[in-house]
Amino acid sequence: QKRKVTSSFCVCFALPWQCFRALCCKGPPPPRPEYDLVCIGLSGSGKTSLLSQLCSESPENIVSTTGFSIKAVPFQNAILNVKELGGADNIRKYWSRYYQGSQGVIFVLDSASSEDDLETARNELHSALQHPQLCTLPFLILANHQDKPAARSVQEV
């Protein structure tokens, strides 16, 4: 039984189970990097649905977030730890308490919302863009609900 070892892999000339053991028992794979994100937007914009979809969860029984929730969104090369903050009027004033440690921001807006709600979303986005803990971070702005008849185009948003 011979085993030839090279720098990047081994070729086994042995029984199959010995070969499997030589390949699989090198220890755990290296950990994937983790990134902490905050997901904000007005109530009903689709934050919870977005995260449920990214986590391959059932779209049924989605309940609007009150307070906050945290989801780990796994990707092949990284894990996104997304802190979703509820978007109700009485909760938005507390958003900034959850910004610390964030490495990026997902801002979700309902592109089919009323003009008043769109203006409120615009004001919240500008506030987040100017916040000292977020102003240097990458932002993803998602214009959700594009499938609705009243949805605005990217230019209109």
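Numbers for residues simply follow the sequence, beginning at 1.
Residues Lys83 and Cys39 have side chains not in contact (no heavy-atom distance under 4.5 Å, counting atoms from C-beta outward). Leu125 is listed as a side-chain neighbour of Ile141, based on a closest heavy-atom distance under 4.5 Å. For the pair Tyr35 and Ile79, the minimum side-chain heavy-atom distance is 4.5 Å or more. The shortest side-chain heavy-atom distance between Leu50 and Val108 falls under the 4.5 Å cut-off. Residues Asp89 and Leu42 have side chains not in contact (no heavy-atom distance under 4.5 Å, counting atoms from C-beta outward). No side-chain heavy atom of Ser52 sits under 4.5 Å from any side-chain heavy atom of Ser58. Side-chain contact between Leu137 and Ser102 is present, with heavy atoms from C-beta onward closer than 4.5 Å. Side-chain contact between Leu37 and Asn81 is absent, with no heavy atoms from C-beta onward closer than 4.5 Å.
A donor-acceptor pair is defined here as one N or O able to donate and one able to accept, closer than 3.5 Å; such a pair exists between the side chain of Glu84 and the backbone of Thr48. With Ser127 contributing its side chain and Asn123 its backbone, the two residues share no donor-acceptor pair below 3.5 Å. Although no hydrogens or angles enter the test, the distance criterion places a donor-acceptor pair under 3.5 Å between the side chain of Ser113 and the main chain of Asp110. At distances below 3.5 Å, at least one donor-acceptor pair connects side-chain atoms of Glu156 with backbone N or O atoms of Ser153. In this structure a side-chain-to-backbone donor-acceptor pair under 3.5 Å is present from Ser111 to Asn144. Gln103 contributes a side-chain N or O that, together with a main-chain N or O of Asp36, makes up a donor-acceptor pair within less than 3.5 Å.
Summarising the geometry of Ala88 relative to Ser43, their closest heavy-atom pair is N-CB, 3.9 Å, with the distance given to 0.1 Å. Between Gln130 and Cys135, the shortest heavy-atom distance links the atoms C-CB, 4.3 Å. Looking at every heavy atom in both residues, Lys47 comes nearest to Gly41 through NZ-O, 2.9 Å. The two residues Ala151 and His145 have their closest heavy-atom pair at CB-O, 3.4 Å.
Hydrophobic clustering of Ile, Leu, Val, Met, Phe, Trp and Tyr side chains at less than 4.5 Å, counting indirect connections, unites Val105 with Trp95. Each of Val73 and Ile70 belongs to its own hydrophobic cluster when Ile, Leu, Val, Met, Phe, Trp and Tyr are linked at side-chain heavy-atom distances under 4.5 angstrom. In the hydrophobic cluster analysis, where Ile, Leu, Val, Met, Phe, Trp and Tyr join through side-chain heavy atoms closer than 4.5 angstrom, Tyr94 is grouped apart from Leu85. Cluster annotation: Ile40 and Phe68 are assigned to the same hydrophobic cluster (Ile/Leu/Val/Met/Phe/Trp/Tyr, side-chain heavy-atom contacts under 4.5 Å, transitive). Transitive grouping of hydrophobic side chains (ILVMFWY, heavy atoms separated by less than 4.5 Å) keeps Val82 and Tyr98 in distinct clusters.
Within 6.0 Å of CD in Glu119 there are more than 12 heavy atoms belonging to other residues, nucleotides or ligands. Annotation for Asn61: atom CG does not count as buried by contact number, only 12 or fewer foreign heavy atoms lying within 6.0 Å. Counting heavy-atom neighbours within 6.0 Å of Gln100 CD, excluding the residue itself, gives a total of 12 or less. Heavy atoms of other residues, nucleotides or ligands lying less than 6.0 angstrom from CZ of Phe139 number more than 12.
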Q.
Please determine whether side-chain contact (heavy atoms from CB on, under 4.5 Å) holds for the pair Leu109 and Leu118, giving the CA-CA distance in whole Å, both sets of side-chain angles, and the decisive distance to 0.1 Å.
A. CA-CA 8 Å; Leu109 64 92; Leu118 194 59; 4.1 Å; yes
Q) Run the side-chain contact (heavy atoms from CB on, under 4.5 Å) check on Arg152 and Gln146 step by step: do they pass? A) CA-CA 7 Å; Arg152 293 169 182 79; Gln146 288 291 304; 5.9 Å; no
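Classification of Glu115 and Arg122 as a salt-bridged pair fails, no side-chain N sitting under 4.0 Å from a carboxylate O. Between Arg92 and Glu124, at least one side-chain nitrogen of the basic residue sits less than 4.0 Å from a carboxylate oxygen of the acidic one, meeting the salt-bridge criterion.
Rounded to the nearest 0.5 Å, atoms NZ (Lys71) and CG (Leu80) are 13.5 Å apart. Taking CZ of Phe107 as the start and CG of Leu140 as the end, the distance is 11.5 Å to the nearest 0.5 Å.
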